[in-house]
Amino acid sequence: MNKMMLGFLAALGLLAMGMGRSVQADSFESLGKPPPGCMFENQLKPGMVGYGLTVMHGADIQKFHVKIIDVVKDFGPDMNVILVRCWGLGLRHSGIIEGMSGSPVYIDGKLIGAIAYGWHYSKDPIGGVQPIRQMLHIPLPNPNKKMAWQGGTGSMTWMEQSAETHRLLGWSALVRHLYGSGAVNEGSTMRMATQAAVKLQPLSSPLMVGGGSGSVMRYLRNAFGGSGMVPLAAGAAGNGGKGQLGGLAMTPAAAMKLRPGAAIAVPLLNGDMDMSAIGTVTDVVDGHVYAFGHRFFAQGRSTLPIAGAYIYTILPDVEASFKLGTSFTRQGRLIMDQATGIVGQLGKPAPSAPITMTIEYHNPSWKKTFHYNLFLDPRTSMQSLGAALVGTMTAKRKVVAKTGNYTVHVTGEINFAGARLPVDDYYTTGFFKASNVLMPAALLMNNPFKDLKLKSVKLHISARPVNRAAVITSAVVRRMTVAPGGMIHVRLTLKPFRGRERYVYMHIPVPANTPDGSYTLVVGSSDSIIQQEMTYFPQRFAPASLNGLIADIKHLTGYKNNAVYGQLVLNMHGVDQQRNAMPNLPLSRVAIMAENPPANLYPLFNSVKEVVPAGAIVEQGGQQFTIKVSRHANERFVKLKPAAAFPGMPGMPGPMGPPPQ
């Protein structure tokens, strides 16, 4: 599709979106009196000429020319937009640039708003200005009121998506219980050319990533998909530290003071990796910095820092040009993030947590510890922490690639104020995701019960160039009828990656007081057991308090990938209400309670569980059996040797130990 056709589609898009109603000043309701130095949109007329301010290289603020095309009413809910044509500073070649968001625009020397909107694939540098009236109407929070730590929709989306792809499916049940199914997927990162062309939309915020591998960039594109941030590989300037190169080394920190037209950064992470979103300052009023001209995440109150930024260059692109830059000295903190812009407060510190991650490769050996500073915000912390983990693991080798043949052992701890989560599990690179390790932290950070501040993360990742993955291909139970007090003997067939099949034996005792009847037995990987628990023990995935959530998290993390499990479910003929067990109830009472069940009422089951080391990382496989318990069965409570338990079968090795170190 050529540019002329895309431009025609863009014009049609204005009409289709209800934006074709050009309005004059006399059709506006009273907007109030503009503050000194400002002009509201009802004072503008088509053809008026002015200028804008932005940074195209380094920290130098430069002027570009602006001409008013028209003013569009009700572009969004209670929102107008000013259409402008720009030229100068190479804009005829590049078009409106991502990173110009917030660039102030002046008519007759008065501020009318900020560059905030544009079209992809636009042939001309035509964009939308966020009226200054709408930016100045962003409410400022009460500085004496503590911010409630609540996850935004992006946090919910990250957790729900991660849980769906996590090998431990129990995370998904916890997420849905805590937050419901309304954690809306914000959409795909794919840009459709025709849709982008016909839609005037907020300019994307370039997310500058310094010190990140290609795997990190792929992770971030998925993690922030649909959020309006576009990850770009860039440099890292830290917080104004030494060792800078090129023009950045010659630029004094004072030149990056946040002022109208200056480049502004919103850092998410710094240290051995730097992640910062880039935009432009619109105005500074009484120590408050107005910028972007559109939402960052539109989450309301925010705790991320604001910093000066250095711009390396402009990269023109057919779809959308963008600024390439990096954050420099932190100068304050965001306090509000709304649809019409962001507001920061100068001098206000931003909360953060130290992150320490050590990667140790084997054969040949290489070890390095990475240090990060994670800026705490419920909308971005988990994505940033995941990027740090992926970046650490791929610093020298492609450990997390699906085609890689590595076995990874992750140990350490995630510390909150009042809670400590130990980390210890094995993974193979084909099935590894950052959410495998970080989901417990995400659940606590966004829990609905109590504000918990992340204090620190310490992880050690040991990566060996061997794939110890295995799948369970079959399971055999010696006898399907067992006496109370007897033993269920199981043989599982394990197929290692590029190895011959092995047997793993399991012996599950049946309690002596088990009534005659039929019972469900599941044997297999940790996934298989968790799926069974989601059916028979839903209360384990429905915490009603912070302590309950912590207990559920520790229960799930207790399942290890280097073991196989067996679980026999026993009906206790009762109910569980808010984790208070009421066994052996009369059937009449159970029936009455079931007719009008109170909250958190579940059928009561118990279980007998057996855990056997697998000597491999069991990625999938399992089987369900119906076991009949009868006091007439000819079975005694004796733990037979494997060969005796399975007469006539080849004598294979017994349970294997953990992967060799």
Side-chain angles (χ1 to χ4, degrees), residues 50-69 81-107 111-132 134-135 196 199-208 228-230 232 234 256 258-266 276-284 289-296 306-327 340-342 344:
Y51 65 91
L53 299 176
T54 198
V55 175
M56 305 295 277
H57 179 261
D60 297 331
I61 299 174
Q62 297 177 277
K63 285 186 178 182
F64 58 93
H65 303 289
V66 172
K67 183 177 182 179
I68 303 295
I69 296 175
V81 68
I82 306 164
L83 295 180
V84 298
R85 181 183 298 274
C86 305
W87 69 95
L89 300 183
L91 293 176
R92 291 188 187 276
H93 174 64
S94 65
I96 303 298
I97 300 167
E98 294 180 349
M100 285 182 68
S101 296
S103 296
V105 176
Y106 300 86
I107 297 293
L111 179 62
I112 68 166
I115 297 289
Y117 302 94
W119 281 273
H120 290 155
Y121 299 97
S122 178
K123 186 176 180 180
D124 292 327
I126 296 175
V129 170
Q130 187 74 258
I132 190 61
Q134 295 169 178
M135 294 185 69
K199 184 178 180 181
L200 178 66
Q201 58 188 356
L203 296 173
S204 298
S205 300
L207 179 63
M208 301 300 154
M229 284 202 297
V230 180
L232 300 168
M256 298 187 200
L258 296 178
R259 59 197 189 280
I264 184 174
V266 181
S276 300
I278 298 293
T280 305
V281 176
T282 305
D283 203 4
V284 180
V289 180
Y290 292 79
F292 279 29
H294 56 68
R295 70 180 179 97
F296 190 36
I306 55 175
Y310 180 90
I311 304 301
Y312 292 112
T313 189
I314 306 299
L315 293 179
D317 186 79
V318 174
E319 180 182 0
S321 301
F322 55 88
K323 293 184 179 183
L324 188 68
T326 185
S327 66
T340 56
I342 62 174

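Just so it is clear, the structure is predicted and the values come from calculations on it, not from any experiment.
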Contacts of type side-chain contact (heavy atoms from CB on, under 4.5 Å), residue Ile107, not counting sequence neighbours: Met39, Leu44, Met48, Ile68, Ile112
Before giving the answer on side-chain contact (heavy atoms from CB on, under 4.5 Å), spell out for Ile342 and Val266 the whole-Å C-alpha distance, their side-chain angles and the decisive distance to 0.1 Å. CA-CA 10 Å; Ile342 62 174; Val266 181; 4.2 Å; yes
In short, Leu111 meets Pro104 closest at the heavy-atom pair CD1-CB, 3.6 Å
Can any side-chain N or O of His294 pair as donor or acceptor with the backbone N or O of Tyr117 at less than 3.5 Å? no
Heavy-atom pair with the smallest gap, counting every atom of Ile126 and Ile96: O-CG1, 3.6 Å
Sub-4.5 Å side-chain heavy-atom contact between Val129 and Val81: no
Run the salt bridge (charged side-chain N to carboxylate O under 4.0 Å, His left out) test against Asp60 and tell me which residues pass, sequence neighbours left out. none
Atom pair CG (Leu91) and OG1 (Thr54), whose distance is rounded to the nearest 0.5 Å: 8.5 Å
Can you name the residues that form a salt bridge (charged side-chain N to carboxylate O under 4.0 Å, His left out) with Arg92, not counting sequence neighbours? none
Out of Leu315, Thr280, Thr313, Leu232, which one pairs with Lys323 under the side chain to side chain contact (heavy atoms under 4.5 Å, CB included) rule? Thr280
Is the ring pair Phe296/Phe292 parallel, tilted or perpendicular, if the boundaries are 30 and 60 degrees? perpendicular
With sequence neighbours excluded, tell me which residues meet side chain to side chain donor-acceptor pair (under 3.5 Å) with Thr340. none
To the nearest 0.5 Å, what is the distance between CG (Leu53) and NZ (Lys63)? 7.0 Å
To check you understand the geometry: which heavy-atom pair defines the closest contact between Pro260 and Asp283, and what is its length? CG-OD1, 3.8 Å
As an exercise, state the distance from CD1 of Ile306 to CD1 of Ile264, rounded to the nearest 0.5 Å. 5.0 Å
To the nearest 0.5 Å, atom CG of Leu324 lies from atom CD1 of Ile97 at 12.0 Å
Closest heavy-atom contact between Ile278 and Ala309? CD1-CB, 3.8 Å
Least distance between heavy atoms, Val66 atom then Cys86 atom: CG2-SG, 4.2 Å
Who pairs with Ser276 by side chain to side chain donor-acceptor pair (under 3.5 Å), at least two apart in sequence or on another chain? Asp274, Ser327
State the CD1-OG1 distance between Ile311 and Thr326, to the nearest 0.5 angstrom. 9.0 Å
Are side-chain heavy atoms of Met100 and Phe322 found at a separation under 4.5 Å? no
Closest non-hydrogen atom pair between Gln130 and Gly293, with its separation: NE2-O, 2.7 Å
To the closest 0.5 Å, what do you measure between NE2 (His57) and CD1 (Ile314)? 9.5 Å
Could you pull out all residues at least two apart from Tyr290 that satisfy side chain to side chain donor-acceptor pair (under 3.5 Å)? none
